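To start, the structure under review is shown below, and the notes come after it.
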Amino acid sequence: MPELPEVEVVKKSLENNITNLVFKKIMINTSKLRYIINKNDFRGIINKKIISIKRRSKYLLISTEGGLTILAHLGMTGKFFIVKKNKMKIKTSFYYNLESKDDKHNHIIFNLTNNIILIYNDVRKFGFIKILSSSSIENNIHLKTLGPEPLSKKFNSKYFKDYSKNKRKKIKSVLMDQKFVAGLGNIYVNEILYISHIKPNRSINKINNLEIKKIIKNTKKILVKSIKKGGSSIKDFIDSAGKEGSFQQNFYVYAREGKKCLKIDCKTKIKKYFIANRSTFFCKSCQK
DNA sequence: TTCTTTGTTCCGGA
DNA sequence: GTCCGGAACAAAGA
C-alpha cells in the first residue's frame, strides 16, 4: 500500500529518471480509474518537457513546460514503472517484469524521449491521474483542504493542541484526517500509536502534552525511517534486477492480529477491531 | 458469494 | 448548530 514514504520514494525515482524528458506518445487503455479519463486532456502534454516532480501528501505532481501539471494519486494499488525500451531493465522502485501478468493493469503508458517508457499500473483502479493547469494547482479540490505535511515544522505541539481543543474525536481518526495532517494512512497511524504507547480509541482532548510531543516525534521518526528504507531497497533492487520481493516492510502491529506484541517480555497478543471502518491493531498492555 | 482494502462524502443521532 | 462516526462507494482478487 503506497503511503507517504512510498510516494516520496516514487517521487525521487521519477525525479531521477524522467526529469527533462519529453512526452512523445501516450496510450490510454482504460476509460476510467477512480474518475472518468478524458483522453483529450492528455494531448496537451505531448511534446512537452517534464520540468519538476513534487509530492504533496500522497499526491504526485509532475509539471511540464507550457503550464500543465499531471496530478496523480496511487490509491491502494497504483504503481509507476519506468522501463528502458529494448533493455527490459527495471528502473523504478517496484518490481516489474515486462512479461508479468500485471500487464493487463497497465492503464496508461507514456512514451518519453531517451527510449524511456513510464507506465501507470493499478490493479484496483482506486488511484487517478488528472491533467491540470499548473496555475490552478493551489485551488485544486484535492489539494486545497489538506493540512500541513507531517514532516514540516507546521506539524508541531502547538498546532496539535490548538486543533484538539473541545474535540472528542478518537486520536486514530484525527491522525487519519487529511485536514489535520496530510498524508498519514491507516498503516502508519497504527504504528505511530503503538510506538507512542497510546490506545487508538483515546479522545483527542484527553491526550496530555507529553503524549502529544511523543506522537509528533514518532510520526516524523517513522516516516523518515521508512523513506530511508524505501530508498535503500530501490538501490538494492536495481543492483539485482529480476529478484522479487524487494519492498518488504516490517510492522509492529499492523496486520499482526493474534501475534505476540514485539516488545521484549510482553506476551500480549495484538488485538484487531474497527475504528471508523478502518482496521485497527493495538497491544492492550503497551498502549494506554 | 463474501470479504477486504483507502479516501471521501453523506447522513442520522447525540 | 455542531460534532462524531457508521455506512456507502469505487474495483478486483482471494
Side-chain angles (χ1 to χ4, degrees), chain A residues 1-8 10 28-38 55-61 71-80 94-95 100-108 119-130 139-150 160-193 199-207 223 226 244 247 249 251 253-258 270-282:
Chain A
M1 231 92 53
E3 291 217 30
L4 188 149
E6 289 78 28
V7 178
E8 177 65 20
V10 171
I28 300 174
N29 300 325
T30 185
S31 59
K32 71 189 281 281
L33 291 166
R34 179 184 283 267
Y35 306 113
I36 304 259
I37 289 178
N38 183 349
R55 177 190 64 74
R56 170 78 170 110
S57 183
K58 296 181 202 171
Y59 297 89
L60 287 163
L61 297 142
L71 177 68
H73 191 287
L74 302 176
M76 289 173 61
T77 53
K79 300 175 182 75
F80 274 113
F94 298 98
Y95 175 77
S100 100
K101 66 186 164 90
D102 285 345
D103 274 5
K104 64 177 172 184
H105 303 297
N106 288 346
H107 303 303
I108 306 185
I119 299 172
Y120 181 73
N121 176 296
D122 191 344
V123 174
R124 294 277 191 278
K125 290 184 170 177
F126 280 14
F128 68 82
I129 293 191
K130 284 181 175 178
N139 290 315
N140 178 267
I141 185 156
H142 302 288
L143 305 176
K144 71 175 176 191
T145 56
L146 292 176
E149 285 285 320
F160 199 121
K161 254 163 78 178
D162 290 347
Y163 190 94
S164 308
K165 253 180 209 151
N166 306 320
K167 289 199 174 70
R168 288 159 294 149
K169 266 189 163 184
K170 294 181 167 78
I171 179 64
K172 181 163 185 263
S173 301
V174 173
L175 290 173
M176 289 184 66
D177 185 345
Q178 304 300 300
K179 290 193 272 301
F180 172 63
V181 59
L184 300 183
N186 196 36
I187 294 174
Y188 283 100
V189 170
N190 274 297
E191 297 293 290
I192 290 161
L193 291 173
K199 275 208 173 88
N201 66 351
R202 292 262 305 275
S203 260
I204 185 167
N205 59 355
K206 294 277 175 12
I207 307 271
L223 291 177
S226 297
E244 216 166 330
F247 207 75
Q249 188 88 52
F251 300 119
V253 285
Y254 185 80
R256 294 195 67 250
E257 182 187 16
I270 301 300
K271 283 257 190 238
K272 174 186 176 179
Y273 70 115
F274 284 85
I275 290 179
N277 276 345
R278 291 292 174 260
S279 53
T280 302
F281 303 87
F282 77 107

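Values in this document were obtained by computation on a predicted structure and should not be read as measured data. Every heavy atom of this structure was used, including side-chain atoms; hydrogens, water molecules and symmetry mates were not. Per chain, numbering begins at 1; letters A, B, ... match sequence-line order.
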With the criterion being N/O to N/O and under 3.5 Å, what pairs connect the protein with nucleotides 9-14 of chain B, and how long is each?
none

Distances for protein N/O vs nucleotides 6-8 of chain C N/O pairs under 3.5 angstrom?
{"unit_1": "C/dG6", "atom_1": "OP2", "unit_2": "A/Ala276", "atom_2": "N", "d": "3.3"}
{"unit_1": "C/dA7", "atom_1": "N7", "unit_2": "A/Asn277", "atom_2": "ND2", "d": "2.6"}

Provide a list of protein-nucleic acid N or O atom pairs under 3.5 angstrom, restricted to nucleotides 10-12 of chain C.
{"unit_1": "C/dA10", "atom_1": "O3'", "unit_2": "A/Lys32", "atom_2": "NZ", "d": "3.2"}
{"unit_1": "C/dA11", "atom_1": "OP1", "unit_2": "A/Lys32", "atom_2": "NZ", "d": "2.9"}
{"unit_1": "C/dA11", "atom_1": "O4'", "unit_2": "A/Arg124", "atom_2": "O", "d": "2.9"}

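What separates OH of A/Tyr35 from C1' of B/dT6 is a distance of 12 Å, to the nearest Å. A/Met176 places its CE atom 11 Å from the P atom of B/dT5, with the value rounded to the nearest Å. Rounded to whole Å, atom P of B/dT6 lies 18 Å from atom CG of A/Leu146. Between the C1' atom of C/dG5 and the OH atom of A/Tyr273 lies a distance of 13 Å, rounded to the nearest Å. Computed from coordinates, the A/Leu175 CG to C/dC4 C1' distance equals 16 Å when rounded to whole Å. In this structure, the NZ atom of A/Lys169 is 12 Å from the C1' atom of C/dT2, given to the nearest Å. Atoms NZ (A/Lys172) and P (C/dG5) sit 12 Å apart, rounded to a whole Å. Rounded to a whole Å, the NE2 atom of A/His73 is 6 Å from the P atom of B/dT8.
Among the protein residues, A/Tyr59 comes within range of the sugar-phosphate backbone only, with heavy atoms under 4.0 Å from sugar or phosphate atoms but none that close to a base.
By the side-chain hydrogen bond (donor to acceptor under 3.5 Å, both in side chains) test, A/Lys130 is found to be paired with A/His142, residues two or more places apart in sequence or in another chain being considered. Judged as a side-chain contact (heavy atoms from CB on, under 4.5 Å), and not counting sequence neighbours, the contacts of A/Ser173 are A/Lys170, A/Ile275, A/Ala276. Scored by the side-chain hydrogen bond (donor to acceptor under 3.5 Å, both in side chains) test, A/Glu8 finds A/Arg55 as partners (sequence neighbours excluded). Under the rule for a side-chain contact (heavy atoms from CB on, under 4.5 Å), the partners of A/Arg56 that lie at least two apart in sequence or sit in another chain are A/Leu61, A/Leu143, A/Leu146, A/Glu149, A/Ala182. For A/Phe274, there are no ring-ring contact (aromatic ring centres under 6.0 Å, His included) partners two or more places apart in sequence or in a different chain. For A/Phe126, the ring-ring contact (aromatic ring centres under 6.0 Å, His included) criterion is met by no residue, not counting sequence neighbours. Residues that satisfy the side-chain hydrogen bond (donor to acceptor under 3.5 Å, both in side chains) test with A/Ser164, not counting sequence neighbours, are absent from this structure. Legend: residues meeting side-chain contact (heavy atoms from CB on, under 4.5 Å) with A/Ser203, ordered by chain and number and at least two apart, are A/Arg168, A/Asn205, A/Lys206. By the side-chain contact (heavy atoms from CB on, under 4.5 Å) test, A/Asn139 pairs with no residue at all, sequence neighbours left out.
Remark: A/Lys167 is positioned above the aromatic ring of A/Tyr163, its terminal NZ or CZ atom under 6.0 angstrom from the ring centre and at most 45 degrees off the axis.
Within a 6.0 Å radius of NZ in A/Lys161, no more than 12 heavy atoms belonging to other residues, nucleotides or ligands are found.
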